[in-house]
Amino acid sequence: MAVHTREAKLDLVTKHIKCFPDFPSKGILFRDICPILKDPGALTAVIDLFEEHVRQTHPQVELIVGLDARGFLFGPLLAQRLGVGFVLVRKKGKLPGPTVSVAYKLEYGEAEVEVQEDAVAPGEKVLLIDDLLATGGTLYAACELMKKQNAEVIGCMVVIELKELNGVEKLKPNTLFSLVQY
């Protein structure tokens, strides 16, 4: 059964987000997107909603950039629908060939993300995509990585935004589009 309205699509997506208390540690309520991936209708609804947003708000997009690893699940499907390319932003040491990287701080420690040196052209208009925005560290680092490549970040998109963690503040001046907010 096809879901046609925006509200019905959002409802379907929300119903397929499963919550796991105290995972990965006590006090954390983990939002799991695996049920979305298992259900073809819910997955189609996610990509439909992203596609509608991009076509209305960012028709100039030239490249979808997905974050390791769940951005890899939604990004290629969206890129294919839009008729644009898809690029991976991975954790340090996971990509072959020459790469460009950016280090960023985590709650405890530091991490690095990288992209292949020739993956993004200077001036290319890119949208970044991931499954979830929490504190914003990884998405912020990916935006910085795109700036380092002289790409133009025209926005960020996530399936889930955890509003209480205020990760959107870290992304400014970049805009965020989220399907579901908690």
Side-chain angles (χ1 to χ4, degrees), residues 24-25 28 30-31 33 46-47 49-51 53-82 84-182:
S25 57
I28 303 291
F30 187 86
R31 311 286 179 165
I33 55 132
V46 166
I47 303 306
L49 290 163
F50 279 141
E51 180 185 11
H53 170 74
V54 173
R55 289 197 187 280
Q56 291 170 6
T57 314
H58 304 293
Q60 74 278 31
V61 67
E62 297 173 296
L63 197 61
I64 301 294
V65 177
L67 277 63
D68 197 340
R70 292 177 206 90
F72 301 172
L73 303 171
F74 302 107
L77 297 173
L78 178 60
Q80 183 181 40
R81 288 250 196 115
L82 297 169
V84 300
F86 176 77
V87 167
L88 308 169
V89 168
R90 303 246 13 223
K91 293 175 180 95
K92 181 83 172 155
K94 301 290 184 181
L95 289 171
T99 61
V100 177
S101 65
V102 168
Y104 64 102
K105 294 197 182 307
L106 297 168
E107 192 173 347
Y108 301 102
E110 202 171 89
E112 268 185 272
V113 290
E114 66 182 0
V115 66
Q116 289 174 317
E117 195 174 72
D118 62 354
V120 183
E124 205 158 20
K125 292 171 177 50
V126 302
L127 280 172
L128 283 72
I129 190 167
D130 204 359
D131 68 324
L132 182 134
L133 177 71
T135 61
T138 307
L139 201 47
Y140 171 78
C143 288
E144 291 299 301
L145 187 57
M146 291 300 105
K147 278 199 246 172
K148 200 171 184 179
Q149 290 294 88
N150 296 308
E152 183 184 338
V153 176
I154 58 174
C156 302
M157 302 180 298
V158 294
V159 178
I160 302 167
E161 177 186 1
L162 302 179
K163 289 198 65 85
E164 66 187 33
L165 298 177
N166 207 22
V168 70
E169 285 300 314
K170 194 172 276 183
L171 299 180
K172 287 182 176 177
N174 297 305
T175 60
L176 176 73
F177 174 71
S178 54
L179 298 181
V180 180
Q181 299 173 345
Y182 290 102

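Every heavy atom of this structure was used, including side-chain atoms; hydrogens, water molecules and symmetry mates were not.
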Subject >> Donor-acceptor under 3.5 Å (Q149 side chain, E117 main chain) >> reply: yes
Subject >> Heavy-atom side-chain contact between L127 and F177 under 4.5 Å >> reply: no
**OP:** Apply side-chain contact (heavy atoms from CB on, under 4.5 Å) to F50 and V159, showing your working.
**Re:** CA-CA 9 Å; F50 279 141; V159 178; 4.0 Å; yes
Subject >> K147: partners by side chain to side chain donor-acceptor pair (under 3.5 Å), with sequence neighbours left out >> reply: E144
Subject >> K148 side-chain N/O to S101 backbone N/O, donor-acceptor pair under 3.5 Å >> reply: yes
Original post:
Between F74 and I129, what is the shortest heavy-atom contact and its length?
Top reply: CB-CD1, 3.9 Å
Subject >> Heavy-atom pair with the smallest gap, counting every atom of N174 and C156 >> reply: CB-SG, 4.3 Å
Original post:
Taking all non-hydrogen atoms of both residues, which atom of F72 and which atom of G66 are closest, and how far apart?
Top reply: CE2-O, 3.3 Å
Original post:
Measuring from L162:CG to R31:CZ, what's the distance to the nearest 0.5 Å?
Top reply: 6.5 Å
Subject >> For the student: nearest non-hydrogen atoms of G93 and E114, plus distance >> reply: N-OE2, 2.9 Å
Original post:
Are the side chains of L128 and V153 in touch, meaning some heavy atoms are under 4.5 Å apart?
Top reply: yes
Subject >> Euclidean distance, M157 CE relative to L179 CG, rounded to 0.5 Å >> reply: 9.0 Å
What donor-acceptor contacts under 3.5 angstrom involve side-chain atoms of residues 56-65, with partners at least two apart or in another chain?
from, atom 1, to, atom 2, distance (Å)
T57, OG1, H53, O, 2.9
T57, OG1, H53, ND1, 3.4
H58, ND1, I154, O, 3.4
E62, OE1, K125, N, 2.7

